[in-house]
Amino acid sequence: MLAQSNLWLYKIVSNCPDVMKAFPSEDLAKGLQDLDLGQHFPPIQHSLGLGWDLSTDTFMFQVADSKKPFTRCGVLSTINSLFDPLGFATPVSIEGCHILSELSSAACDWDALLPMEKHELWMKWKNCLQDLQRLKIPHMYTTVPLSAATKKEVCVFCDASVKVIGAVVDLKATDAVGNNEVGFICSKGKLALKLGGKFGGKYHVQQHTTT
């Protein structure tokens with residue numbers, strides 16, 4: 001099908017040596033073309049700030065220790081430098097967004113220096129980003145193969161406060177002997193609107209169940 005459409009797949013990466021050996025070496029990703037997968041540890045693969053350790057099959061963050069000015073533009077640039085499409089670090093990134101929201105209320109110009117009394121709060125959050133590099137996120141949702149699971153549930157949890165609205169999606173898999181495993185799928189957070197009201201409460205929505 002791909003040949004008929006004149007599409008060529010290349011820069012191929014897999015944590016399975018058998019899959020890698022099924023492709024010509026010139027089609028593999030850079031750093032893997034001349035690597036003996038059975039004898040050497042493969043290099044960590046990078047994509048827009050997110051790393052994939054093939055040897056442990058885990059995701060990790062690559063956080064640049066850049067020195068941006070303490071302005072709205074610099075703060076926003078630092079926050080956006082954290083690439084997290086699946087929301088692994090939502091509790092961290094949303095706190096940065098909340099700090100920016102507080103800082104922005106006191107300055108209109110994007111290049112104007114922000115109030116120095118907030119600088120310590122900002123630096124504390126900025127420095128904690130380096131700790132994300134020690135975070136290892138399993139590539140697999142659960143160790144229970146979905147093809148062998150007797151029951152699969154996708155659960156969505158939502159919560160809200162006066163500052164933040166958040167949601168997380170988990171996968172619950174049950175094996176043949178009744179053991180359960182829960183794996184993270186994705187999460188999302190956004191700042192709550194400042195309308196003077198108050199959010200509250202927790203909700204659990206089971207969206208999909210298969211047997």
Side-chain angles (χ1 to χ4, degrees), residues 47-51 58-139 141-142 152-172 180-209:
S47 178
L48 298 175
L50 196 63
T58 55
F59 292 121
M60 61 184 63
F61 286 99
Q62 303 293 319
V63 181
D65 189 15
S66 58
K67 299 185 182 299
K68 302 289 185 179
F70 188 50
T71 62
R72 288 178 65 191
C73 184
V75 169
L76 181 61
S77 177
T78 301
I79 294 173
N80 289 341
S81 67
L82 181 62
F83 181 71
D84 185 26
L86 294 179
F88 293 129
T90 293
V92 176
S93 60
I94 197 64
E95 180 63 24
C97 293
H98 182 258
I99 294 174
L100 175 61
S101 176
E102 290 187 338
L103 294 174
S104 299
S105 62
C108 296
D109 188 359
W110 280 95
D111 295 319
L113 288 177
L114 295 168
M116 293 308 296
E117 59 267 21
K118 297 288 187 178
H119 186 258
E120 183 179 354
L121 175 64
W122 165 247
M123 290 303 299
K124 181 179 179 180
W125 180 85
K126 181 176 179 293
N127 292 334
C128 82
L129 293 180
Q130 299 303 315
D131 294 333
L132 289 176
Q133 298 186 107
R134 297 184 295 180
L135 184 64
K136 303 281 188 178
I137 304 107
H139 188 190
Y141 293 129
T142 66
K152 300 177 283 287
E153 300 175 77
V154 174
C155 304
V156 180
F157 298 87
C158 305
D159 198 4
S161 70
V162 293
K163 296 198 304 183
V164 175
I165 302 170
V168 61
V169 183
D170 291 332
L171 172 67
K172 179 181 177 182
N180 296 314
E181 280 195 28
V182 177
F184 172 88
I185 297 179
C186 65
S187 73
K188 189 71 174 179
K190 64 180 296 184
L191 297 180
L193 296 176
K194 295 182 179 181
L195 299 178
K198 184 176 181 180
F199 295 98
K202 292 186 177 180
Y203 309 92
H204 173 197
V205 182
Q206 181 177 304
Q207 289 190 322
H208 183 63
T209 304

Checklist entry - Is Lys152 close to Lys172 at the side-chain level, that is, under 4.5 Å between some pair of heavy atoms? => result no
Checklist entry - To the nearest 0.5 Å, what is the distance between CH2 (Trp122) and CG (Leu100)? => result 7.5 Å
Next on the checklist: So Val169 and Cys155, do their side chains get closer than 4.5 Å, heavy atoms only?
Outcome noted: no
Next on the checklist: Working note: Val92 + Leu132, criterion side chain to side chain contact (heavy atoms under 4.5 Å, CB included); need CA distance, chi angles, decisive distance, verdict.
Outcome noted: CA-CA 9 Å; Val92 176; Leu132 289 176; 4.2 Å; yes
Next on the checklist: A side-chain contact here means heavy atoms from C-beta on lying under 4.5 Å apart; do Leu113 and Thr71 qualify?
Outcome noted: yes
Checklist entry - Looking at Gly189 and Thr90, what are the two nearest heavy atoms and their distance? => result N-CG2, 3.7 Å
Checklist entry - How long is the span from the CG atom in Leu171 to the CD atom in Glu153, to the nearest 0.5 Å? => result 9.0 Å
Checklist entry - Of the non-hydrogen atoms in Ser93 and Leu82, which two are nearest, and what is the gap between them? => result CB-CD2, 4.0 Å
Next on the checklist: Just verifying a value: how many Å separate Cys128 SG and Met123 CE, rounded to the nearest 0.5 Å?
Outcome noted: 11.0 Å
Checklist entry - Counting only N and O atoms by type, is there a donor-acceptor contact under 3.5 Å from the side chain of Thr58 to the main-chain atoms of Lys136? => result no
Checklist entry - Can you find a pair of side-chain heavy atoms, one from Phe70 and one from Met116, that are under 4.5 Å apart? => result yes
Item to check | Side-chain touch Leu121/Ile99, heavy atoms, less than 4.5 angstrom | outcome: yes
Next on the checklist: Applying side chain to side chain contact (heavy atoms under 4.5 Å, CB included) to Gln133 and Met60, what does each step give before you reach the verdict?
Outcome noted: CA-CA 6 Å; Gln133 298 186 107; Met60 61 184 63; over 6 Å; no
Checklist entry - Phe59 and Phe88: side chain to side chain contact (heavy atoms under 4.5 Å, CB included), yes or no, with the steps? => result CA-CA 10 Å; Phe59 292 121; Phe88 293 129; 4.1 Å; yes
Next on the checklist: Quick check for you: to the nearest 0.5 Å, what is the distance between Lys163 atom NZ and Cys97 atom SG?
Outcome noted: 12.0 Å
Checklist entry - Hey, is CD on Glu120 packed in by over 12 heavy atoms from elsewhere, all under 6.0 Å? => result no
Checklist entry - At their closest point, which heavy atom of Val162 faces which heavy atom of Ala192, and how far apart are they? => result O-CB, 3.8 Å
Item to check | Pairwise distance CG(Leu191) to CD(Glu95) - rounded to 0.5 angstrom | outcome: 9.5 Å
Item to check | Candidate pair Ile185 and Asp170, rule side chain to side chain contact (heavy atoms under 4.5 Å, CB included), full reasoning | outcome: CA-CA 5 Å; Ile185 297 179; Asp170 291 332; 5.8 Å; no
Checklist entry - Taking C-beta and beyond as the side chain, do Lys68 and Val75 meet within less than 4.5 Å on heavy atoms? => result no
Checklist entry - Does Leu129 reach the side chain of Thr78, with side-chain heavy atoms less than 4.5 Å apart? => result yes
Next on the checklist: Any heavy-atom pair between the side chains of Lys188 and Lys190 that's under 4.5 Å?
Outcome noted: no
Checklist outcome for this item: Smallest heavy-atom separation, Phe184 atom then Leu86 atom, equals CZ-O, 3.6 Å
Checklist entry - In Å and rounded to the nearest 0.5 Å, what is the CD to OG1 distance from Glu181 to Thr142? => result 5.0 Å
Checklist entry - Would you say the ring centroid of Phe61 lies under 6.0 angstrom from that of Phe83? => result no
